[in-house]
Amino acid sequence: MKENNYFQKVYDLTRKIPAGKVTTYGIIATYLELGSARMVGWALNKSFSADNPVPAHRVVNRNGELTGRNHFPAPGMMQKLLESEGIKIEDNKIVDFKKKLWYP
DNA sequence: TAGTTGACGACGG
DNA sequence: TCCGTCGCCAACT
């Protein structure tokens, strides 16, 4: 049952991100017309309490930095998951970020 | 009820 | 080019 809550939209969009791709808070915020990228981060923060798992590790900030990894159960989990999907991480940043970037 | 916080982004100096 | 500040809007205390 989908609700029109804005975090539900974020969850839904985030789940649509294909493996091996990533997107940014700004893109999601703009696409969903949230008005501010902070809302996206907040929604994902609550995603840990959501029933459905959300691949929040595929969402990074506009620099391609894994700023959200500190909010994961394990700090290294985010990088590990991304590497498992073929995304290389270097110094907490995504290598070839532009190539890995996914647009809704 | 009001104030503060927050996984960010854009702009100015 | 790098650092600092302001703005977004909703949720939490």
Side-chain angles (χ1 to χ4, degrees):
Chain A
M1 181 60 184
K2 288 183 181 179
E3 297 181 6
N4 288 330
N5 293 337
Y6 91 140
F7 19 89
Q8 285 294 341
K9 293 181 181 178
V10 176
Y11 300 163
D12 188 58
L13 185 64
T14 303
R15 293 193 202 99
K16 291 180 180 176
I17 300 173
K21 294 288 184 178
V22 296
T23 192
T24 74
Y25 302 100
I27 291 171
I28 296 173
T30 301
Y31 183 79
L32 298 179
E33 298 181 322
L34 299 181
S36 66
R38 293 184 118 161
M39 304 297 104
V40 180
W42 216 324
L44 291 176
N45 182 278
K46 290 179 62 178
S47 72
F48 286 98
S49 298
D51 295 332
N52 299 336
V54 179
H57 59 278
R58 294 179 189 152
V59 183
V60 296
N61 70 351
R62 74 152 206 108
N63 289 320
E65 299 176 47
L66 278 57
T67 54
R69 85 196 149 123
N70 293 316
H71 289 260
F72 275 74
M77 190 177 81
M78 187 173 185
Q79 179 174 339
K80 188 173 183 178
L81 288 169
L82 290 171
E83 290 179 340
S84 298
E85 296 175 356
I87 298 175
K88 296 179 182 179
I89 308 299
E90 185 173 305
D91 192 27
N92 296 329
K93 288 182 289 190
I94 297 175
V95 179
D96 293 330
F97 175 57
K98 294 180 181 178
K99 294 179 182 177
K100 304 296 184 183
L101 191 57
W102 176 80
Y103 295 90

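Here is how names work: the chains are called A, B, and so on, in the same order as the sequence lines, proteins then strands, and each is numbered from 1. All figures in this text were calculated on a predicted structure; none of them were measured in a lab.
Taking CD1 from A:Ile94 and CZ from A:Arg58, the interatomic distance works out to 11.5 Å, rounded to the nearest 0.5 Å. Between A:Leu82 atom CG and A:Leu66 atom CG the span is 5.5 Å, to the nearest 0.5 Å. The CD1 atom of A:Ile87 lies 11.0 Å from the CD atom of A:Gln79; values are rounded to the nearest 0.5 Å. Between the CG atom of A:Asn61 and the OG1 atom of A:Thr67 there is a distance of 4.0 Å, given to the nearest 0.5 Å.
When the C1' atom of B:dA7 is taken as reference, atom CG of A:Asn45 falls 7 Å away, rounded to whole Å. In this structure, A:Ile94 places its CD1 atom 13 Å from C1' of B:dA7, rounding to the nearest Å. Between A:Leu32 atom CG and C:dC9 atom P the separation is 15 Å, expressed in whole Å. Distance A:Lys46 NZ to C:dC12 C1': 10 Å, rounded to the nearest Å. Residue A:Leu44 contributes atom CG, which lies 12 Å from atom C1' of B:dG6 at whole-angstrom precision. Here C:dC9 presents its P atom at 14 Å from NZ of A:Lys9, a figure rounded to the nearest Å. Protein atom OH of A:Tyr6 is 7 Å distant from nucleotide atom C1' of C:dC9, rounded to whole Å.
Of the nucleotides present, none pairs with B:dA7 by Watson-Crick or G-U wobble criteria with both distances under 3.5 Å.
For A:Phe48, counting side-chain heavy atoms from C-beta on, the closest listed nucleotide (B:dG6, C:dC9, B:dA7) is B:dA7. Proximity note for A:Met39 (side chain, C-beta onward) versus C:dA11, B:dG6, B:dA7: the nearest is B:dG6.
Among the heavy atoms of the strands lying under 4.0 Å from A:Ala56 is at least one base atom, whether or not backbone atoms are also near.
Between A:Tyr103 and A:Tyr31, a ring centre-to-centre spacing not shorter than 6.0 Å is recorded.
Heavy atoms of other residues, nucleotides or ligands lying less than 6.0 angstrom from NZ of A:Lys21 number more than 12.
At a threshold of 4.5 Å between side-chain heavy atoms, the hydrophobic network of Ile, Leu, Val, Met, Phe, Trp and Tyr places A:Met78 and A:Val54 in two separate groups.
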Short heteroatom pairs, N/O only, protein and nucleotides 8-13 of chain B, under 3.5 Å:
| from | atom 1 | to | atom 2 | distance (Å) |
| --- | --- | --- | --- | --- |
| B:dC8 | OP1 | A:Thr67 | OG1 | 3.4 |
| B:dC8 | N4 | A:Arg38 | NH2 | 3.0 |
| B:dG9 | OP1 | A:Arg62 | N | 2.8 |
| B:dG9 | OP2 | A:Arg62 | N | 3.1 |

